[in-house]
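Remarks on the structure that follows.
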Number of protein chains: 2
Amino acid sequence: MPAQKLKKTRANSTLSDVAKAAGVSASTASRALNGLAQKYRISETTERLVKESAERLGFRPSQVARSLRLQRTGLLGIVVPDLANPFFSAIAREVTVAAELGGFSAILADSGGSVKKERELIDQLQARHVESLVVCPVGLEFDHLAGAMQRGLPLVAVDRCQANSSLVQVTSDHLAGAKLAMQLLLENGHRRIGVLQGLPGTLPTELRRQGVRETLAQAGIPFDPQLVAGDQFSEQAGYHSARELLTTSPDLTALFAMSTPNAFGACRAASELGLRIPQDLSLLCFDDVAFVEFMKVPLTTIAQDVPELGRRAAKLVTEQMQTGNPPRKKMHKIPVKLMSRASVGKVPS
Amino acid sequence: MPAQKLKKTRANSTLSDVAKAAGVSASTASRALNGLAQKYRISETTERLVKESAERLGFRPSQVARSLRLQRTGLLGIVVPDLANPFFSAIAREVTVAAELGGFSAILADSGGSVKKERELIDQLQARHVESLVVCPVGLEFDHLAGAMQRGLPLVAVDRCQANSSLVQVTSDHLAGAKLAMQLLLENGHRRIGVLQGLPGTLPTELRRQGVRETLAQAGIPFDPQLVAGDQFSEQAGYHSARELLTTSPDLTALFAMSTPNAFGACRAASELGLRIPQDLSLLCFDDVAFVEFMKVPLTTIAQDVPELGRRAAKLVTEQMQTGNPPRKKMHKIPVKLMSRASVGKVPS
DNA sequence: GTGAAAGCGCTAACAA
DNA sequence: TTGTTAGCGCTTTCAC
């Protein structure tokens with residue numbers, strides 16, 4: 001611990017200070033302050049005396065000592081890849097609020113998108129004896145999560161899940177979302193559709209791609225892997241992949257972006273290439289943010305219910321803590337919704 | 001603590017388990033594991049033996065016990081009014097990352113904009129013996145912050161500060177920002193300028209209003225309090241105040257919004273009233289978000305350096321922990337920047 | 001080179 | 001109705 005050398009926390013007054021001030025033993029003081037006066041038939045005088053002394057000394061029971069004694073920390077851990085990303089901060093918020101409601105405090109950690117950091121953080125959190133863990137994994141490795149779970153730690157993974165896993169997971173219905181998106185494009189007559197994808201190897205990306213393929217297959221349209229580009233959820237990546245697709249395949253009439261930033265990048269590329277949306281190019285993206293309504297061309301999106309992802313995760317860890325067992329149902333899919341706006345139009349005939 | 005009744009944390013293997021497995025005493029095991037083998041001249045054999053045993057048992061030293069013994073928790077607290085707000089989550093992120101870098105873990109708490117909740121949370125965090133505290137106060141009361149500081153807790157307040165306070169504070173240069181905004185509008189010939197303000201009584205709002213008044217005064221333009229409306233930083237509030245101002249004072253040619261959501265609300269109101277931006281109405285707002293570039297009319301903004309607010313706060317608490325003293329300089333102003341885009345135009349002549 | 005013992009602040013069995 | 005005692009898991013004197 002690099003924090004080693006620093007100055008120690010100023011000592012507060014302790015329970016025994018209070019006891020001394022009130023002229024009673026530590027146990028009596030403890031009982032009086034914890035509302036056990038009834039149960040132990042402590043005299044009203046004593047109780048009041050103790051409480052007054054505590055008040056006067058500004059006594060705050062040390063949660064550290066309490067945790068050690070009770071073997072319960074009242075701590076819940078959250079790990080996200082990037083707290084500055086509204087998607088993750090919304091999840092973090094819901095979990096934090098739920099935790100506070102349940103009398104827990106939330107330790108929040110930012111893995112910065114690195115699996116290595118994620119491992120370290122999860123280790124640290126276990127050392128701190130968090131009583132449960134909500135993690136939005138970077139999404140490429142899961143053994144450390146499984147490990148923590150096997151040690152008996154209630155854990156739920158959110159968003160970037162793992163297929164066929166014993167982990168408790170909650171994520172949006174990416175498959176259905178991608179199908180919804182593609183169906184809308186097909187209904188509007190589009191046949192050559194480009195896909196701007198996110199981080200490959202993560203379940204959201206893979207499932208969405210599967211949705212694309214299945215919808216095309218059902219419509220009897222061959223899937224052209226040439227029309228898929230990109231490897232990140234960022235604006236930059238969206239821009240470059242869009243430019244690439246639009247120049248190598250000028251017959252494209254629509255673009256399906258896997259994230260809002262990807263779509264913004266696509267907008268930029270389109271405007272540089274002199275393509276108007278939706279007249280020359282339809283655009284549709286996964287994820288919905290408040291701002292898209294105010295865009296030049298309001299974006300049609302597949303909206304995830306982000307707060308619900310967080311709430312469900314919180315509910316699942318809470319239940320595990322209460323029952324002591326992981327839920328029977330492992331994979332929790334949260335429905336998505338098509339938000340139809342102006343960026344998708346009929347294919348130019 | 002409502003969390004009382006739940007199941008206790010599964011016990012991990014402890015130091016004495018490791019010691020037993022290695023056939024040494026707890027003290028030796030502790031020293032070997034903490035890299036004090038040199039200092040205590042522990043034999044290499046013993047050291048390796050201990051480390052192997054620890055490894056084999058999956059030993060993770062209990063931070064709880066450690067904290068109690070060392071009187072140091074390695075915990076830092078962060079309190080924000082709304083983690084779902086990108087402004088605060090960006091700050092939280094910077095502080096969290098800085099904390100992790102310094103070997104600390106961050107406990108994050110969401111006050112939901114309630115002073116009462118804020119008080120409770122700060123109490124809880126002190127009971128948990130956080131070693132320092134970064135808080136984005138709701139902004140209307142500060143005594144509990146001053147109190148925590150006087151107990152010797154390194155504390156810095158971010159954003160919603162208090163004038164003439166002994167608190168260590170970091171906030172944007174709201175006054176300069178508002179002046180920048182007003183100057184731009186004046187340069188473009190605007191004389192009747194409406195102001196959509198945020199939560200009254202908070203320093204950001206008050207300072208920005210002051211900036212408005214001073215700039216007008218300097219230009220010899222009378223300040224008309226009728227042209228100020230609003231009481232929140234939300235889209236709703238912006239919409240209603242904008243409608244109100246634009247209908248009661250149809251001679252307005254520009255609107256200065258104190259937040260991005262306020263500005264979005266104003267956009268909605270303007271479009272409903274058939275006012276085009278910037279031809280009929282110029283619009284300018286405080287705060288810059290990535291999205292404004294993609295708006296129908298890209299917004300001219302006063303950009304706060306939000307990450308820097310967080311980083312500076314983190315630096316200030318860290319220094320306080322190291323030196324044990326609050327910094328001499330109390331108020332830290334972070335510069336703002338004018339981002340000129342399309343939403344401000346010449347006044348129609 | 002290593003161990004025994006004390007103690008961080010609290011709670012809970014047991015005793016009175 | 002209250003006090004004594006032990007112990008949560010760890011570090012650190014002090015002793016050998």
Side-chain angles (χ1 to χ4, degrees), chain A residues 1 3-5 8-50 54 57-74 126-129, chain B residues 1 3-5 8-50 54 57-74 126-129:
Chain A
M1 278 225 153
Q4 213 71 266
K5 49 182 172 271
K8 67 175 215 169
T9 342
R10 208 188 72 75
N12 259 321
S13 56
T14 74
L15 181 65
S16 86
D17 293 338
V18 175
K20 224 165 284 169
V24 298
S25 76
S27 6
T28 303
S30 168
R31 298 192 265 247
L33 292 172
N34 287 326
L36 301 179
Q38 293 278 38
K39 189 176 161 197
Y40 284 91
R41 301 148 55 79
I42 289 173
S43 76
E44 283 202 13
T45 344
T46 314
E47 185 184 357
R48 210 179 29 249
L49 196 60
V50 170
L57 294 177
F59 172 68
R60 250 183 257 276
S62 159
Q63 289 307 319
V64 178
R66 215 154 194 276
S67 297
L68 183 58
R69 174 63 234 228
L70 298 179
Q71 296 293 84
R72 295 208 47 255
T73 56
Q126 285 182 267
R128 286 204 184 275
H129 290 226
Chain B
M1 279 226 152
Q4 212 73 267
K5 47 181 172 271
K8 67 178 215 167
T9 343
R10 209 186 72 75
N12 260 321
S13 56
T14 74
L15 181 66
S16 86
D17 293 338
V18 175
K20 223 166 285 168
V24 298
S25 76
S27 0
T28 303
S30 169
R31 297 193 265 247
L33 292 172
N34 288 325
L36 302 179
Q38 293 277 38
K39 189 178 161 196
Y40 284 92
R41 301 147 56 75
I42 288 174
S43 74
E44 282 202 14
T45 342
T46 313
E47 185 184 358
R48 208 178 31 247
L49 195 60
V50 169
L57 293 176
F59 172 67
R60 249 182 258 274
S62 159
Q63 289 307 320
V64 178
R66 216 154 193 277
S67 298
L68 182 58
R69 174 64 232 233
L70 298 179
Q71 296 295 82
R72 295 206 47 253
T73 56
Q126 285 181 268
R128 286 203 184 275
H129 289 230

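Labels below follow one simple rule: chain letters A, B, ... track the order of the sequence lines, proteins then strands, and each chain is numbered from 1. Computation of the quantities below employed the complete heavy-atom set of this structure, encompassing side-chain atoms and omitting hydrogens, waters and symmetry-equivalent molecules.
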Can you tell me how far apart OG1 (B:T73) and CD (B:Q63) are? Round to the nearest 0.5 Å. 10.0 Å
Does B:S62 have a side-chain nitrogen or oxygen under 4.0 Å from the phosphate oxygens OP1 or OP2 of D:dG9? no
Strand contacts (DNA chain D) in residues 27-34 of chain B, 4.0 angstrom heavy-atom criterion: B:S27, B:S30, B:R31, B:N34
Heavy atoms under 4.0 Å, any strand shown: does B:V64 hit a base, just sugar-phosphate, or nothing? nothing
Is the closest side-chain heavy-atom distance between A:R72 and A:S67 below 4.5 Å? no
Between C1' on D:dC10 and CZ on B:R72, what's the gap in Å once rounded to a whole number? 15 Å
What is the minimum heavy-atom distance between A:A32 and A:I42, and which atoms define it? N-CD1, 4.0 Å
Take atom CD of B:E47 and atom C1' of C:dT2, then tell me their distance rounded to the nearest Å. 14 Å
Could you check which of D:dG3, D:dG9, C:dC8 has an atom nearest any side-chain atom of A:Q71? D:dG9
Considering every strand and a 4.0 Å limit on heavy-atom distances, what is the contact class for A:S67: base, sugar-phosphate, or nothing? nothing
Correct closest heavy-atom pair for B:G74 and A:R128 would be O-NH2, 3.0 Å
Among C:dT11, C:dG9, D:dC10, find the nucleotide with the atom closest to the side chain of A:R66. C:dT11
Euclidean distance, atom CD of residue B:Q63 to atom C1' of C:dC8 [Å, nearest integer]: 15 Å
Roughly, in whole Å, what's the span from OH in B:Y40 to P in C:dG3? 14 Å
To the nearest Å, give me how far apart CG (A:L68) and C1' (C:dT11) are. 11 Å
Separation of A:Q126 atom CD from D:dG9 atom C1', in whole Å? 17 Å
If I take atom CG in residue A:L36 and atom P in nucleotide D:dT1, what distance separates them, rounded to the nearest angstrom? 15 Å
Quickly work out the B:R128 CZ to C:dC10 C1' distance and round it to whole Å. 15 Å
Are side-chain N/O atoms of A:S27 and A:S30 paired as donor and acceptor at under 3.5 Å? no
Any side-chain heavy-atom pair of A:T28 and A:Y40 under 4.5 Å: no
Go nucleotide by nucleotide along DNA chain D from the 5' end; which of B:L15 and A:R41 gets its closest nucleotide reached first? A:R41
Please tabulate, for side-chain N and O atoms in residues 15-24 of chain B, each donor-acceptor pair with protein atoms closer than 3.5 Å (sequence neighbours left out).
residue, atom, partner, partner atom, Å
B:S16, OG, B:T14, OG1, 3.4
B:D17, OD2, B:T14, N, 2.9

Within the structure shown, what part of the strands sits under 4.0 Å from A:I42 by heavy-atom distance: base, sugar-phosphate, or nothing? sugar-phosphate
Just compare C:dG7, C:dG9, D:dT2 and give me whichever is closest to any side-chain atom of A:S43. D:dT2
From the list C:dT2, D:dT1, D:dT11, which nucleotide is the closest neighbour of the side chain of B:A26? D:dT11
